[in-house]
Amino acid sequence: MMRIKTPRNARVKRELQKLAPKLVETAKKTLILHGTKTSHVLNSLLTEIYHLKKENSVKYSRKNDRVRPFESGGEASLEFFSLKTDCSLFVYGSHSKKRPNNLVLGRTYDHHIYDLVELGIENFKSMQSFSYDKKFAPQMGSKPFFAFIGEAFETVDELKHLKEVLLDLFRGEVITNLNLAGLDRVYVCTALSANKILFSHCAMRLKKSGTSVPKMELIEVGPSMDMVVRRHRNPDDSLRREAMKTPHELIKKKEKNVVKDAVQGKLGKIYMPDQQVGVVPLAYKAKGVKRERREAKMKGEGHKPSPKKQKHDINADE
């Protein structure tokens with residue numbers, strides 16, 4: 001029988017509450033790991049990914065012999081590190097003769113492997129290789145733009161999967177309101193072929209355009225590289241349904257007779273019963289009419305004209 005341990009003090013209880021599931025999750029943390037052998041290119045790339053996600057990332061510099069994401073039995077150490085650091089994303093770099101400059105991106109659900117994408121890194125350029133004015137450098141923690149150029153991101157399964165993982169990796173915390181003045185960077189992904197993309201990181205510079213909309217100029221700040229998709233593993237259908245399930249507390253109740261339009265905004269319909277004006281009693285009653293006339297009018301006799309009296313000629317009678 002499994003024994004359930006309770007927290008001994010308030011500090012441990014607060015730490016456990018931070019790790020507990022929440023209705024609105026905080027920003028996803030990223031775990032960065034080195035394999036048994038890494039190259040200079042991978043060391044530089046892992047360091048720069050750590051600097052791009054410094055607020056929400058954990059980097060291990062030691063070699064990990066037991067971590068093999070695509071092999072059975074090699075996921076136990078990775079899941080243990082994910083549970084220990086409370087990270088739902090991981091980046092694993094390794095180098096071998098068969099797979100040089102190998103980078104594995106993956107996500108976890110409930111600290112178990114959710115999906116994996118294996119990439120080969122080519123034509124890598126670090127941040128130090130770009131020269132630009134440092135006042136245009138992106139600020140740490142700013143929200144980025146994403147630009148995916150090419151139809152392959154919508155038609156090829158490998159690139160569709162890679163697009164989802166890259167969005168999760170670099171988008172940061174999910175927010176509802178955004179200040180456009182704080183947007184100072186963009187990640188540009190260009191599909192070169194069915195399994196190869198060009199990944200670049202650019203800073204945005206706003207210039208005067210003579211109108212209310214400023215002119216935007218992109219300055220490449222690095223890193224820049226070619227990513228070749230080698231292997232990928234999609235999540236199981238049952239695991240995907242469980243991970244995408246929305247809690248009942250966050251499901252919005254349907255508003256009756258309300259329609260949202262992109263141009264006119266929120267529109268509503270009001271249903272009113274037929275108004276029978278003829279039978280509606282009137283509250284106003286004239287006060288200067290005698291009681292007999294008023295009663296006759298209420299009975300429907302008030303519309304008949306009263307008979308006139310006949311005049312009699314006195315001389316004719318005589």
Side-chain angles (χ1 to χ4, degrees), residues 28 30-50 52-53 67-72 74-75 78 88-109 113-127 129 144-171 185-202 218 220-237 239-240 243-244:
K28 295 182 179 181
T30 304
L31 177 63
I32 301 174
L33 296 169
H34 292 257
T36 306
K37 182 180 179 181
T38 55
S39 61
H40 176 69
V41 171
L42 282 179
N43 291 335
S44 301
L45 176 58
L46 294 177
T47 302
E48 294 189 1
I49 292 177
Y50 173 70
L52 291 175
K53 295 179 57 64
V67 176
R68 295 179 180 86
F70 280 92
E71 298 180 10
S72 60
E75 302 174 350
L78 189 58
S88 57
L89 297 164
F90 67 89
V91 180
Y92 174 77
S94 62
H95 180 75
S96 63
K97 186 177 180 180
K98 184 179 180 180
R99 293 186 177 89
N101 299 328
N102 199 52
L103 189 72
V104 179
L105 308 178
R107 297 179 289 183
T108 62
Y109 173 71
I113 299 297
Y114 181 73
D115 59 353
L116 298 168
V117 178
E118 187 180 62
L119 305 171
I121 305 301
E122 299 177 358
N123 303 325
F124 174 74
K125 296 180 182 179
S126 63
M127 295 181 181
S129 60
F145 274 120
F146 286 91
F148 293 92
I149 304 172
E151 296 181 357
F153 286 108
E154 303 296 333
T155 57
V156 182
D157 293 339
E158 290 83 354
L159 296 189
K160 287 172 64 176
H161 189 193
L162 177 60
K163 177 182 176 181
E164 294 179 4
V165 176
L166 290 177
L167 284 174
D168 259 359
L169 182 62
F170 291 105
R171 70 177 178 178
R185 70 175 71 195
V186 57
Y187 293 103
V188 182
C189 302
T190 307
L192 303 178
S193 64
N195 65 336
K196 186 176 183 180
I197 70 168
L198 171 63
F199 178 88
S200 58
H201 177 216
C202 301
L218 298 182
E220 194 168 4
V221 297
S224 175
M225 71 199 88
D226 292 341
M227 293 182 175
V228 181
V229 180
R230 292 174 176 169
R231 290 185 291 178
H232 77 109
R233 190 175 76 187
N234 291 318
D236 297 332
D237 294 337
L239 184 61
R240 181 189 290 271
M244 299 295 289

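Residue Met227 is tested with Leu105, Asn195, Leu119, Asn123 for a side chain to side chain contact (heavy atoms under 4.5 Å, CB included); the sole match is Leu119. Remark: of the listed residues Phe146, Phe124, Phe170, Phe170 is the sole one forming a ring pair (Phe, Tyr, Trp, His ring centres under 6.0 Å) with Phe199.
The shortest side-chain heavy-atom distance between Leu169 and Val91 falls under the 4.5 Å cut-off. Using a 4.5 Å heavy-atom cutoff, the side chains of His161 and Arg233 are not in contact. Phe148 has its side chain out of reach of Ile197: every pair of non-hydrogen atoms, C-beta onward, lies at least 4.5 Å apart. Counting heavy atoms from C-beta outward, Phe90 and Ile113 have side chains that approach closer than 4.5 Å. Residues Met127 and Leu52 have side chains in contact (heavy-atom distance under 4.5 Å, counting atoms from C-beta outward).
The minimum heavy-atom distance linking Phe153 with Thr190 is given by the pair CE1-C, 4.2 Å. For Ser224 against Leu198, the heavy-atom pair with the smallest separation is OG-CD1, 4.2 Å. The shortest non-hydrogen separation linking Ser193 to Leu159 is O-CD1, 3.7 Å. Across all non-hydrogen atoms, the minimal contact from Asn102 to Arg230 is OD1-NH1, 2.9 Å. In plain terms, the two heavy atoms of Glu48 and Pro223 that are nearest each other are OE1-CB, 3.1 Å. The shortest non-hydrogen separation linking Leu166 to Cys189 is CD1-SG, 4.1 Å.
For the atom pair CG (Leu89) and OH (Tyr114), the distance works out to 12.0 Å, reported to the nearest 0.5 Å. Remark: Lys28 NZ to Thr108 OG1 distance equals 8.5 Å, nearest 0.5 Å. Interatomic distance, CD1 of Ile49 versus OG of Ser44, reported as 11.0 Å (0.5 Å rounding). Of the inter-residue distances, the one linking Thr30 atom OG1 with Lys53 atom NZ reads 3.5 Å to the nearest 0.5 angstrom.
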Scan the side chains in residues 31-38 for donor-acceptor partners under 3.5 Å anywhere in the protein, sequence neighbours excluded, and list what turns up.
unit_1 : atom_1 : unit_2 : atom_2 : d
His34  : ND1    : Asn43  : OD1    : 3.4
His34  : NE2    : Lys59  : NZ     : 3.4
Thr36  : OG1    : Asp65  : OD1    : 3.4
Thr38  : OG1    : Asn43  : OD1    : 3.0

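At least one donor-acceptor pair closer than 3.5 Å links the side chain of His201 to the backbone N or O of Gly222. When atom types are taken as modelled, the side chain of His232 and the backbone of Leu116 share no donor-acceptor pair closer than 3.5 angstrom. Under the 3.5 Å distance criterion, the side-chain polar atoms of Tyr92 are matched with a main-chain donor or acceptor of Val67. For the pair Lys196 (side chain) and Asp226 (backbone), a donor-acceptor distance under 3.5 Å is absent.
Within the structure, the salt bridge (Lys or Arg N to Asp or Glu O under 4.0 Å) test picks out the following pairs touching residues 89-108 (sequence neighbours left out): Arg99-Glu118, Arg107-Asp115, Arg107-Glu164, Arg107-Asp168.
Enclosure of atom CZ in Phe145 is not indicated, since only 12 or fewer non-hydrogen atoms of other residues, nucleotides or ligands lie within 6.0 angstrom.
In this structure, Glu151 has no salt bridge (Lys or Arg N to Asp or Glu O under 4.0 Å) partners at least two apart in sequence or on a different chain.
A salt bridge is absent between Lys125 and Glu220: the closest approach of a Lys/Arg side-chain nitrogen to an acidic carboxylate oxygen does not fall below 4.0 angstrom.
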